[in-house]
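Report on the structure given below.
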Protein chains: 2
Amino acid sequence: MPPSRQRNANTESVDNYLKAILALSGPEEQRVSSTSLASRLGVAPASVTNMLQKLASSPLPLVEYERHRGVLLSAAGKRRALEVLRHHRLIETFLYEVLDYPLEEVHEEAERLEHFISERFEERIAVKLGHPKFDPHGHCIPAMDGKMPKQTSMPLTDLREQGTFVVDSVSDQDALLLRRLRAHGITPGARLQVTSRPPDDFVLRTSGVSKALHLSRDLAAAVRIRSAH
Amino acid sequence: MPPSRQRNANTESVDNYLKAILALSGPEEQRVSSTSLASRLGVAPASVTNMLQKLASSPLPLVEYERHRGVLLSAAGKRRALEVLRHHRLIETFLYEVLDYPLEEVHEEAERLEHFISERFEERIAVKLGHPKFDPHGHCIPAMDGKMPKQTSMPLTDLREQGTFVVDSVSDQDALLLRRLRAHGITPGARLQVTSRPPDDFVLRTSGVSKALHLSRDLAAAVRIRSAH
DNA sequence: TAACAGAATTAGGTTGACCTAAAATAGTGA
DNA sequence: TCACTATTTTAGGTCAACCTAATTCTGTTA
């Protein structure tokens, strides 16, 4: 078994930078500042600058970087970031559907594994799952070619009128929040009836539950909704 | 999402050292030399010495190391090595049984993933598989407490008499060999009838195949057999 | 338009895992 | 037991990804 002779490839760390840029640049693909990246990644701003310079000046640049003006993903960088995102969400779905993980635990495991699975693994779990379009948090899974349908949902905290809505997705970033949401019956697909005046106050009723529920700001911020078609 | 603040933990590299020591020290747990480790791991002997010194002098030493006398695993080191081995073999089994990998491909994927799966993941795939005792190569999977039944098989190349045997296991180290063995019907559990005088020559018949088969030394070395009970 | 605050970059470390080359040691056979 | 060879260790790097502190920008506000 000839062992790989190369140094600990930079993949994991690089992938995390790319993912963070993708997430922070938003649907409009705005430039992302070093500080915001630094705080998201939990490293010093100086480290970010360093890494960006490397990523931008490599033979196949993964980002477009201009001093003091922030970064953007290059085409190649975006491709890679979406591939990692696809890995992440497929793994989450797999853990949830096939291995019966509790919803709150899938993110952390996927966060580690996403960097190390092969194309074959990706393909096999996609087949096993029937090429799912959404992960268990309700997030869309990028297709193999990187295509993603446009978002049609909005943050619950942007709501300005009462009404009935469907939970589109919940944030996977915080296991504790997620567990609390689930305890209240707020999971993707659930029906929400908002009876207070948003966005100052969220009193709502969920599908099976008779009692009205007051949602704290943290919790509301972790929920995206769409109209109850 | 508070990101892990710690440096790229040494786990992966350390695990690989421990695994290599476990494999090389054999069932008798003999001391392992720096050179043999170096060549197995594909690094320079000096690097091995360095690492061993670190492993031996850490607060919880994973190896017992004496200058010029080779290493042994400590109790803690052995525990960890067996845990990683368990991960490896469970993952192989999982890839083979659940994700329909071809036998030759499971090793490489498991080799990467074994370092990064959680206890929960381990437990879930073990449950899913019904707590298997053997991986698809025929190797025994260590129990959670590290217990392993004693080997009762022997290398085909140690055979000194003709007779009929059962393939106990095949080496997972070389995908090409493995594919060739499989092409000849030599997979764990297969019946082998050896008709030449071993160990100079291996002419044999396998279960379903009528034609006699001459096995090259490489191939024979990758096969372990036990008596056809 | 000068000055200042805050953001970003540069300069100069640290650490872990590797490397090569040089020095030390152990085991062997004369 | 002495010397020689093969193994092992030490000494002194490199490189990637971090860090802190010092410096340089930028955009705004007086």
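Computed from a predicted structure; not experimentally measured. Just the heavy atoms: all of them, side chains too, but no hydrogens, waters or symmetry mates, feed the values below. Below, chains carry the letters A, B, ... as their sequence lines are ordered, and counting in each starts from 1.
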A:Lys54 vs A:Arg67, nearer the 5' end of DNA chain D by closest nucleotide | A:Lys54
Can you tell me the distance, in whole Å, between the CG atom of A:Asp15 and the P atom of D:dA17?
-> 11 Å
Counting heavy atoms from C-beta on, name the nucleotide in D:dT9, C:dT20, D:dT26 closest to the side chain of B:Ala44.
-> C:dT20
B:Glu97/B:Lys128 salt bridge by N-O under 4.0 Å criterion | no
Just checking A:Ser34: base, sugar-phosphate only, or nothing, at a heavy-atom cut-off of under 4.0 Å?
-> sugar-phosphate
Compare the minimum distances between each of D:dT10, D:dT9, C:dA17 and the side chain of B:Tyr65, then state the nucleotide with the smallest one.
-> D:dT9
Residue whose closest nucleotide on DNA chain D lies nearer the 5' end, A:His68 versus A:Tyr17 | A:Tyr17
Out of C:dC19, C:dA17, D:dT10, minimum distance to the side chain of B:Ser47 belongs to C:dC19
Could you tell me the separation between the CG atom of B:Leu41 and the C1' atom of C:dG16, rounded to a whole number of Å?
-> 16 Å
Over how many whole Å does the gap from A:Gln53 atom CD to C:dA11 atom P extend?
-> 10 Å
Carboxylate-amine/guanidinium proximity below 4.0 Å for B:Lys19 and B:Glu114 = yes
To the nearest angstrom, how far is A:Asn50 atom CG from D:dC15 atom C1'?
-> 13 Å
Nearest to the side chain of A:Met51, which nucleotide is it out of D:dT10, D:dC18, C:dC19?
-> D:dC18
Kindly indicate whether the side chain of A:Thr11, heavy atoms from C-beta on, has any atom under 4.5 Å from the side chain of A:Phe116.
-> no
Between D:dA16 atom P and A:Leu55 atom CG, what is the distance in whole Å?
-> 12 Å
For B:Ser196, enumerate each residue passing the side-chain hydrogen bond (donor to acceptor under 3.5 Å, both in side chains) test, keeping only those at least two apart in sequence or located in another chain.
-> none
Could you tell me the separation between the CD atom of B:Glu12 and the P atom of D:dA16, rounded to a whole number of Å?
-> 17 Å
A:Leu156/A:Phe202 under side-chain contact (heavy atoms from CB on, under 4.5 Å): CA gap, chis, key distance, verdict | CA-CA 9 Å; A:Leu156 179 51; A:Phe202 291 101; 3.9 Å; yes
Proximal nucleotide (of D:dC18, C:dT10, D:dT9) relative to the A:Val43 side chain = D:dC18
Can you tell me the distance, in whole Å, between the CZ atom of B:Arg69 and the P atom of C:dG27?
-> 8 Å
